[in-house]
Amino acid sequence: MKKNLLLTFILFLLFGLQNLYFAQNSIEKPRVFTVKEIKTGASINEGSKFFAGDNPAFALPQFDDSSWKHVNFNSKKVYSWNPINLSSENVSKKNQIYWIRYYFKIDSTLLNQPLCLNISQLGASEIYLNGKKIESIGDIKSKEFKIKNKIPELFTLDNTDVNVLAIRFLPIIENKKKTVTISTVAISVELVSAHEFIKDKVALWKDFNFYTMLICGIFGALGFIHLLLFLFYRKAIYNLYFSTYNISISLMSYLTLLFSEMRNPLDLDTYTFVSFLAVMLFGTSLTGFVNTLFGRTKKRLKVLLIISASIVLLYYFSATTAASFAFFYISFVAFESFYLIIRAMIRREKSAFIVGGGVLVFFLFIVMVIIFMFLNKLNTVDVSDLFGDDFITYVFIFIFISFPISISAYLGWQFASTNLSLVKQLDEVNRLSDINLKQEQEKQQILQNQNDLLEKQVDERTFELQKEKQKTENLLLNILPYEVAEELKENGSSEAKYYDEVTVLFTDFVNFTQSSEKMGAEKMLVELNECFTAFDLIMEKHGLEKIKTIGDAYLAVCGLPLKNKNHAHQTVLVALDIIDFIEERKKTNPDVLDIRIGINSGSLIAGIVGVKKFAYDIWGDTVNTAARIEQNSKKGKINISESTYQLIKDDFSFEYRGKIHTKGKGEMDMYFVSKSQI
């Protein structure tokens, strides 16, 4: 029995030594690469000659490395193997340079074919082939560390003899423990066909960059839109959560692109921290959105938000621990969201079916991807052969967009429901108003038929009512454009309208506040009234529509409600008349304030605001820009934007001011209009 055990042990030992022997690369047993191997990249993963030290002779093909150790430098064990210990705290090893020598041959089909070495590393290296330096990744002398070169150097071999690949390598020695690593090995090397490498790399990066930026752009736009919705209506807090949800996905997509383009390993900490924040923002916004819509109580949401903030704070003390907690946090948030939506669907909440459909598709495709990846790992199913090379890409894109699209559909449904409810309420109000009006008319008719003696009084009252009605109409025409007033009288309401070609004019008195303190409130009010009265007459003369006055500011527009193809020209004529009026008035009245004018052309929306004390007003970026143009004008000057200049550049003389920094708009081209016309 003992003999059998001893024999089994000896055989096992011999078998292990044999495997070890054949796994070690040497000049006597070099590896032979074939065309099939290097087509997709042949990894150099045998035990290579390894030495801790530095000598230029180590790169020479004839150097005797028989005393060197055999180390598989492309193995994960390289992290724990001494002396290459990237997490070692031994300061003396920090600047240690290591050499790796590897022997290989190529078959005759690879002669004079362009080849390259696909190298990824955590440090800096110099690559020698048969004693000749063919490539540097980073700079060992200046300790400039680099992960890889964007395009490796190409080379050819003209014989089938033994080739010597020598790598001079300076690894990164970091005492700080990172959350993630760029690579699981210190340095990895693959021999690749240059044609295949460049072709695959170009195709891969083209598709990768396109889809990554597409996802980044779509989700960034969604996030910005819903952030604006929240800012306009603060009570809809779910818009804020959905906005941050989309922004987090956009940020993660962009970070993915940054990680793929990263060359300096020292940037890893910054990218990792920003990625960690994006992931936490994703989880926080997801739980906030779902709990706001379907949660029974807000206590769980508050607890989850506190936990999220605590995990972010924990990152400062221990990044690895914080990353572990973040994983469990995201997992819990995902299952919690799934549970809340399914529960709402069971309760037959309409909104839940819209959101739940996207969530179910989201989880279904995730499960499907996991199953296919597992089957592919077991070589049971080849996904590429079954569905095509781009199948996984399309699936991941669908996973990314399914949930946000369902939420957007829900928000659209909610918005439409609210509008429909408001329309129904307005119709009901109009119906009741019509009924009341008819009843009042019937009463008037009955009273008229029953009491002819009061006909004269009725006529007199009717005459008085007509006078009051005329006063009302005159007052209405005084505050609204004629077309809008007619629409309001006929329909009982006036819809806001979009005008694509108008010109907006803003005026403002210079140093109005200081002048008010000197002149007194009553005198300043008289001055404003006389100036604005003159402005009103100028507007009427040139066909501009006065919108309103805001303190000492005067707002008018040309091109609405009736279109005017010369809107920009007419507006500049108005501005010139205003300047002339102010200058003439200053000759007789020294207290007249200086004025500055801003003009901008573009599109806007105009309509009535409110139902009580309503006013005709205009909105849009064109109005905001006109205000900025006026703020950047000077006293006695007419400042116009680039859009207005393009419409009237042949009608007047101008002084180009260059690009002026404008609050909220950045750099803008501006022009002063000269008084003399062309």
Closest heavy-atom pair and its distance - [X], [Y]:
{"X": "D577", "Y": "I538", "answer": "CB-CG2, 3.8 Å"}
{"X": "Y671", "Y": "S641", "answer": "CD1-O, 4.2 Å"}
{"X": "S601", "Y": "T622", "answer": "C-CG2, 3.8 Å"}
{"X": "I597", "Y": "A575", "answer": "CD1-O, 3.7 Å"}
{"X": "G598", "Y": "I629", "answer": "CA-CG2, 3.8 Å"}
{"X": "G223", "Y": "N246", "answer": "N-CB, 3.6 Å"}

What do you reckon, is [atom1] of [X] surrounded by more than 12 foreign heavy atoms closer than 6.0 Å?
{"X": "E522", "atom1": "CD", "answer": "no"}
{"X": "Y656", "atom1": "OH", "answer": "yes"}
{"X": "E530", "atom1": "CD", "answer": "yes"}
{"X": "K298", "atom1": "NZ", "answer": "yes"}
{"X": "Y254", "atom1": "OH", "answer": "no"}

Do [X] and [Y] come within less than 4.5 Å of each other through their side chains, counting heavy atoms only?
{"X": "I599", "Y": "I638", "answer": "yes"}
{"X": "C216", "Y": "M252", "answer": "no"}
{"X": "M524", "Y": "L593", "answer": "yes"}
{"X": "I618", "Y": "I605", "answer": "no"}
{"X": "I578", "Y": "V574", "answer": "yes"}
{"X": "H567", "Y": "L647", "answer": "yes"}
{"X": "L277", "Y": "V312", "answer": "yes"}
{"X": "P561", "Y": "E545", "answer": "yes"}

> What do the steps show when you test L573 against H542 for side chain to side chain contact (heavy atoms under 4.5 Å, CB included), and what is the final call?
Replying inline: CA-CA 8 Å; L573 292 179; H542 292 286; 3.8 Å; yes

Quick check against the 3.5 Å criterion: does [X] have a side-chain atom that pairs as donor or acceptor with the backbone of [Y]?
{"X": "T588", "Y": "K586", "result": "no"}
{"X": "R628", "Y": "K663", "result": "yes"}
{"X": "T644", "Y": "I640", "result": "no"}
{"X": "N564", "Y": "L560", "result": "no"}
{"X": "T549", "Y": "A553", "result": "no"}

>> Evaluate R585 against E527 for salt bridge (charged side-chain N to carboxylate O under 4.0 Å, His left out), listing each step before the verdict.
In response: CA-CA 11 Å; R585 188 172 175 79; E527 179 69 20; 3.1 Å; yes

> L505 pairs by side-chain contact (heavy atoms from CB on, under 4.5 Å) with which of M539, E630, Q570?
Replying inline: M539

If the threshold is 4.0 Å, N to carboxylate O, is there a salt bridge linking [X] and [Y]?
{"X": "E428", "Y": "R431", "value": "yes"}
{"X": "K563", "Y": "E501", "value": "no"}
{"X": "R657", "Y": "D669", "value": "no"}

Rounded to the nearest 0.5 Å, what's the gap from [atom1] on [X] to [atom2] on [Y]? Could you check?
{"X": "E584", "Y": "D580", "atom1": "CD", "atom2": "CG", "value": "7.0 Å"}
{"X": "L314", "Y": "I307", "atom1": "CG", "atom2": "CD1", "value": "12.5 Å"}
{"X": "R596", "Y": "D508", "atom1": "CZ", "atom2": "CG", "value": "5.0 Å"}
{"X": "I648", "Y": "H569", "atom1": "CD1", "atom2": "NE2", "value": "8.5 Å"}
{"X": "L227", "Y": "I247", "atom1": "CG", "atom2": "CD1", "value": "6.0 Å"}
{"X": "I582", "Y": "K587", "atom1": "CD1", "atom2": "NZ", "value": "13.0 Å"}

> Checking ring-ring contact (aromatic ring centres under 6.0 Å, His included) against Y245, which of F289, F282, F219 comes through?
Replying inline: F282

> Which pairs with one or both residues in residues 512-533 pass ring-ring contact (aromatic ring centres under 6.0 Å, His included), sequence neighbours excluded?
Replying inline: F532-F535, F532-Y554

[Y] versus [X], side-chain donor and acceptor atoms under 3.5 Å:
{"X": "R300", "Y": "N291", "value": "yes"}
{"X": "E336", "Y": "T287", "value": "yes"}
{"X": "N600", "Y": "T503", "value": "no"}
{"X": "S603", "Y": "Y499", "value": "no"}
{"X": "T284", "Y": "S308", "value": "yes"}

>> Using side chain to side chain contact (heavy atoms under 4.5 Å, CB included), reason through F232 and N239 one step at a time and then give a plain yes or no.
In response: CA-CA 10 Å; F232 285 124; N239 272 320; over 6 Å; no

> Would you say the ring centroid of H226 lies under 6.0 angstrom from that of Y241?
Replying inline: no

>> Quick check on the 6.0 Å ring-centre criterion: do F654 and F672 meet it?
In response: no

>> Apply side chain to side chain contact (heavy atoms under 4.5 Å, CB included) to residues L576 and F652 and explain how you reach the verdict.
In response: CA-CA 11 Å; L576 291 171; F652 300 91; 3.8 Å; yes

>> Apply side chain to side chain contact (heavy atoms under 4.5 Å, CB included) to residues S243 and F224 and explain how you reach the verdict.
In response: CA-CA 7 Å; S243 172; F224 179 73; over 6 Å; no

